[in-house]
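To start, the structure under review is shown below, and the notes come after it.
Starting from 1, each residue takes its place in the sequence as its number.
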Amino acid sequence: EVQLVESGGGLVQAGGSLRLSCATSGFSFVDYNIGWFRQAPGKEREGVSCINPSDGFTYTADSVKGRFLTSSDNAKNTVYLQMNNLKPEDTAVYYCAADLSVYCSGSYFLTTKDAWGQGTPVTVSS
């Protein structure tokens, strides 16, 4: 069974940092491209970043570029989202997703994903 489990969300003040984790199981980790998405209350889901664990290539949305970093630990089948200099507008539920077919790139965010995690909430206070 394909599973993705996010963790690491919470409440943080503006300017602070959080590291989210996406632990995966049930599939060949390096064969998939793993992405991070977020959805704020009343807003559409937004792509944040993605990574190809087999070669380490990452893509980051302009809205968070320079503040968010994506990495993977292939031995642990886990992807991380390091979020620095957080802003109130980063408040959202953050989800990770797996895609077998689409390589990590700008178009990654536009296609249907094979599996999703349950999400972890992030709240940034001003």
For residues 64-72, which side-chain N or O atoms pair as donor and acceptor with protein atoms under 3.5 Å away, sequence neighbours left out?
| from | atom 1 | to | atom 2 | distance (Å) |
| --- | --- | --- | --- | --- |
| K65 | NZ | D62 | OD1 | 3.1 |
| R67 | NH1 | N85 | O | 3.0 |
| R67 | NH1 | D90 | OD2 | 2.7 |
| R67 | NH2 | S63 | O | 3.4 |
| R67 | NH2 | D90 | OD1 | 3.0 |
| R67 | NH2 | D90 | OD2 | 3.4 |
| T70 | OG1 | S49 | OG | 2.6 |
| S72 | OG | N74 | OD1 | 2.9 |

All N/O donor-acceptor pairs, side-chain side in residues 10-29, below 3.5 Å, sequence neighbours left out:
| from | atom 1 | to | atom 2 | distance (Å) |
| --- | --- | --- | --- | --- |
| S17 | OG | N84 | OD1 | 3.1 |
| T24 | OG1 | N77 | O | 2.8 |
| S28 | OG | D31 | OD2 | 3.0 |

Side-chain donor-acceptor contacts of residues 115-122 below 3.5 Å, not counting sequence neighbours, with atom names and distances?
| from | atom 1 | to | atom 2 | distance (Å) |
| --- | --- | --- | --- | --- |
| Q118 | NE2 | E6 | O | 3.2 |
| T120 | OG1 | G9 | N | 3.1 |

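The disulfide bond (SG atoms under 2.5 Å apart) analysis of residues 53-86, with sequence neighbours excluded, yields no pairs. Sorted by first and then second residue, the ring-ring contact (aromatic ring centres under 6.0 Å, His included) pairs involving residues 76-102 (not counting sequence neighbours) form an empty list.
Residues V48 and F109 fail the side-chain proximity criterion, which asks for heavy atoms closer than 4.5 Å.
In this view, E89 satisfies the salt bridge (Lys or Arg N to Asp or Glu O under 4.0 Å) rule with no residue, not counting sequence neighbours. In this structure, the side chain to side chain donor-acceptor pair (under 3.5 Å) partners of T111, at least two apart in sequence or on a different chain, are D99, K113. When the side chain to side chain donor-acceptor pair (under 3.5 Å) test is applied to T123, no partner is found at least two apart in sequence or on another chain.
At a threshold of 4.5 Å between side-chain heavy atoms, the hydrophobic network of Ile, Leu, Val, Met, Phe, Trp and Tyr places V30 and I34 in one connected group.
Checked by atom type and distance alone, the side chain of D114 pairs as donor or acceptor with a backbone atom of L100 at under 3.5 Å. Checking side-chain atoms of T78 against main-chain N and O of K76 turns up a donor-acceptor pair under 3.5 Å. In terms of modelled atom types and a separation under 3.5 Å, the side chain of T91 and the main chain of V124 share a donor-acceptor contact.
Listed here is the closest heavy atom pair of A98 and Y32: CB-CD2, 3.8 Å. Closest heavy-atom contact between F37 and G47: CD2-CA, 3.6 Å.
Of the inter-residue distances, the one linking C50 atom SG with N33 atom CG reads 6.5 Å to the nearest 0.5 angstrom. The distance from the OH atom of Y59 to the CD1 atom of I51 is 15.0 Å, given to the nearest 0.5 Å. Rounded to the nearest 0.5 Å, atoms CD (Q39) and CD (E44) are 8.5 Å apart.
Side-chain N/O atoms of Y103 and D55 include a donor and acceptor closer than 3.5 Å.
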